[in-house]
Amino acid sequence: MTAMLQSWLRWAGYPYELAARLRLWGYTRGWFETHRLPRPVISIGNLTVGGTGKTPVVMHVVDRLTAQGKRVAILSRGYRRRSKAPQLLVSDGRQVLAGPEEAGDEPYLMARRCPHAIVAVGADRYALGQWVLSRLPLDCFVLDDGFQHLKVKRDLDIVLIDATNPFGNNQMLPTGILRESLSGLKRADAIVVTRANLVKDVSKIKAEILRINPNCQIFVSQNKFINAVKLKELLSKESTDQKSKIKNLKLMAFCALGNPDNFYEQLRQEKFNLVATKSFPDHHIYSNSEMRNLEKEAIEKGTEVLLTTAKDAVKLTHLRFNLPCYVIENGLTFEDESAFVNLIQNPKN
């Protein structure tokens with residue numbers, strides 16, 4: 001990036017930063033109304049654009065809550081969904097009611113992965129929560145990507161920090177990747193440093209967090225691939241784990257993630273035989289022609305199988321593949337799982 005372009009982007013970012021600060025100031029001063037939903041609310045979000053590992057954390061939280069017998073509703077924006085309905089029920093906790101294009105890839109994935117959770121999408125999360133509660137009984141809400149959604153009061157604010165790129169260049173959009181300034185961390189009750197397995201040390205990240213918010217709890221999480229299944233068996237209850245079978249085959253990995261390099265680096269770290277990669281824009285909707293071109297490129301590079309993520313796979317099941325295509329799923333572990341579970345089960349308010 002040229003110095004002139006950087007300078008222009010920095011100037012262009014000032015109105016964005018000013019608007020973000022004024023919006024927050026308006027909420028803290030009571031100029032903008034905030035509303036409390038009649039059930040406990042746990043918000044999971046971040047300060048940056050791009051992937052911080054938010055969806056796995058949301059599913060981890062929901063799994064732990066449902067294991068305690070709680071009926072949980074995930075409220076998501078449904079980014080890039082094609083449905084124009086102001087509120088859409090993706091899952092009622094018994095069956096999935098909307099597809100990935102209609103609902104958005106991440107809400108659909110959460111609905112498939114957390115079958116006992118209610119999943120709903122809509123831009124206004126307060127109106128969405130009221131709408132869901134008028135139709136279904138539930139015990140608590142989880143706000144997906146909710147940190148900047150200040151209209152809804154929350155009982156627990158969890159912010160995710162990606163260990164591989166925790167604060168970007170400390171610049172707000174469009175110069176950097178911050179949605180708001182780092183001082184926003186002061187609002188967080190807890191911070192989860194994600195993907196710690198992809199860096200050598202997180203001590204400096206934790207020190208910076210505590211400098212900004214000395215009272216928050218800090219948790220460290222790691223990702224580890226837990227299984228790989230054939231794409232055509234993804235929705236089947238008979239699918240079997242093929243991770244050890246494909247690990248040493250010549251793999252071409254592809255994805256449409258906010259931070260694709262983390263996916264590829266984790267594959268390398270876990271000793272998969274990665275010979276080629278292909279990235280698409282985040283939340284991309286795939287076409288048959290794109291897959292034909294992808295397979296052509298893979299064959300030219302000597303690839304034996306294709307490999308993608310669970311988030312991508314939900315948008316691929318209707319497409320035809322000539323090369324074997326596998327889906328790998330990430331698991332999540334916390335250094336102090338019991339403390340994290342205690343936190344989400346006992347919000348401060």
Side-chain angles (χ1 to χ4, degrees), residues 46 48-57 59-60 105-106 109 160-169 177 192-205 220-231 234 240-284 286 290-291 293-316 321 323-335:
N46 49 42
T48 59
V49 296
T52 57
K54 177 175 53 61
T55 300
V57 174
M59 295 190 295
H60 189 83
D105 51 13
E106 289 171 345
L109 174 61
L160 310 186
I161 299 292
D162 182 352
T164 67
N165 189 17
F167 313 116
N169 56 358
I177 62 173
V192 177
V193 180
T194 62
R195 300 186 177 122
N197 53 299
L198 299 183
V199 300
K200 292 182 179 179
D201 183 29
V202 297
S203 58
K204 290 183 178 180
I205 298 172
V220 176
S221 70
Q222 299 184 345
N223 289 4
K224 183 176 178 60
F225 294 126
I226 54 176
N227 59 44
V229 300
K230 292 179 180 179
L231 176 63
L234 181 66
T240 56
D241 182 15
Q242 305 286 321
K243 183 161 68 79
S244 60
K245 174 184 174 181
I246 68 170
K247 196 168 187 177
N248 295 319
L249 298 178
K250 294 179 180 178
L251 298 168
M252 181 176 192
F254 70 98
C255 65
L257 304 177
N259 196 336
D261 290 340
N262 281 344
F263 172 48
Y264 307 141
E265 179 56 32
Q266 187 175 340
L267 288 170
R268 295 185 185 100
Q269 188 181 89
E270 296 193 26
K271 309 301 182 185
F272 283 79
N273 187 15
L274 192 62
V275 299
T277 64
K278 179 72 173 181
S279 302
F280 295 85
D282 195 14
H283 302 281
H284 183 68
Y286 297 98
E290 287 172 328
M291 292 303 97
N293 291 334
L294 180 73
E295 288 184 319
K296 180 181 178 182
E297 181 179 343
I299 291 169
E300 290 173 351
K301 294 182 177 181
T303 300
E304 296 175 90
V305 297
L306 300 173
L307 185 65
T308 192
T309 72
K311 174 183 170 181
D312 292 283
V314 299
K315 299 172 289 186
L316 294 165
F321 285 83
L323 280 176
C325 184
Y326 288 82
V327 182
I328 197 155
E329 185 177 10
N330 242 326
L332 192 67
T333 60
F334 281 79
E335 289 185 358

Can you find a heavy atom in the side chain of L316 that is under 4.5 Å from one in the side chain of F254?
yes

Can you find a pair of side-chain heavy atoms, one from L332 and one from N223, that are under 4.5 Å apart?
yes

Heavy atoms of other groups near K250 NZ, more than 12 under 6.0 Å:
no

What's the shortest heavy-atom distance between L251 and T303, and which atoms?
C-CG2, 3.8 Å

CD-OG1 distance between E106 and T55, expressed to the nearest 0.5 angstrom
3.5 Å

Would you compute the distance between atom CG of N165 and atom OG1 of T48 and round it to the nearest 0.5 angstrom?
7.5 Å

Start with the C-alpha gap between F167 and I161, add the side-chain angles, then the distance that decides, and say whether side-chain contact (heavy atoms from CB on, under 4.5 Å) holds.
CA-CA 8 Å; F167 313 116; I161 299 292; 4.1 Å; yes

Could you check whether any side-chain N or O of T194 sits under 3.5 Å from a backbone N or O of G53, counting only pairs where one atom can act as donor and the other as acceptor?
no

Between C255 and F263 the two heavy atoms that sit nearest each other are SG-CD2, 3.8 Å

Run the numbers on K224 and N197 for side-chain contact (heavy atoms from CB on, under 4.5 Å), then give the verdict.
CA-CA 8 Å; K224 183 176 178 60; N197 53 299; over 6 Å; no

Step by step, work out the side chain to side chain donor-acceptor pair (under 3.5 Å) result for Q266 and E270.
CA-CA 6 Å; Q266 187 175 340; E270 296 193 26; 3.1 Å; yes

Stepwise, does the side-chain contact (heavy atoms from CB on, under 4.5 Å) test hold for Y264 with S279?
CA-CA 10 Å; Y264 307 141; S279 302; 2.8 Å; yes

Side-chain donor-acceptor contact under 3.5 Å, N273 with E304:
no

Trace of the side-chain contact (heavy atoms from CB on, under 4.5 Å) decision for I299 with L323:
CA-CA 9 Å; I299 291 169; L323 280 176; 4.1 Å; yes

Between Y326 and T308, a side-chain donor and acceptor under 3.5 Å
no

How long is the gap from CD on E335 to CD on Q222, to the nearest 0.5 Å?
6.0 Å

Inter-residue atom distance N330.CG - H60.NE2, 0.5 Å rounding
12.5 Å

Tightest non-hydrogen contact, residues V199 and A163, listed as CG1-O, 3.5 Å

If you define the side chain from C-beta out and look only at heavy atoms, does anything of V220 sit under 4.5 Å from F334?
no

Can you list the steps and then say if T240 with Q242 is a side chain to side chain donor-acceptor pair (under 3.5 Å)?
CA-CA 6 Å; T240 56; Q242 305 286 321; 2.8 Å; yes

D241 and K230 ion-paired at < 4.0 Å:
no

So, do T309 and V327 sit near enough that their side-chain heavy atoms are less than 4.5 Å apart?
no

Any donor-acceptor pair under 3.5 Å linking the side-chain atoms of T164 with those of D162?
yes

Taking C-beta and beyond as the side chain, do M252 and E295 meet within less than 4.5 Å on heavy atoms?
no

Set out, in order, the CA-CA distance, both residues' side-chain angles and the distance that settles side chain to side chain donor-acceptor pair (under 3.5 Å) for D201 and S203, then state yes or no.
CA-CA 6 Å; D201 183 29; S203 58; 2.4 Å; yes

If you look at every heavy atom in A256 and D312, which pair is closest and at what distance?
N-OD1, 2.7 Å

Less than 4.5 Å apart, any side-chain heavy atom of L294 and any of K278?
yes

So how far is it from E297 CD to L306 CG, rounded to the nearest 0.5 Å?
10.5 Å

Non-hydrogen side-chain atoms of L198 and N262 separated by less than 4.5 Å:
yes

Contact summary for L267 and A253, nearest pair of heavy atoms:
CD1-CB, 3.6 Å

With under 30° as parallel and over 60° as perpendicular, where do the rings of F280 and H284 fit, or are they tilted in between?
parallel

Taking side chain as C-beta onward, heavy atoms only, is F272 less than 4.5 Å from L249?
no

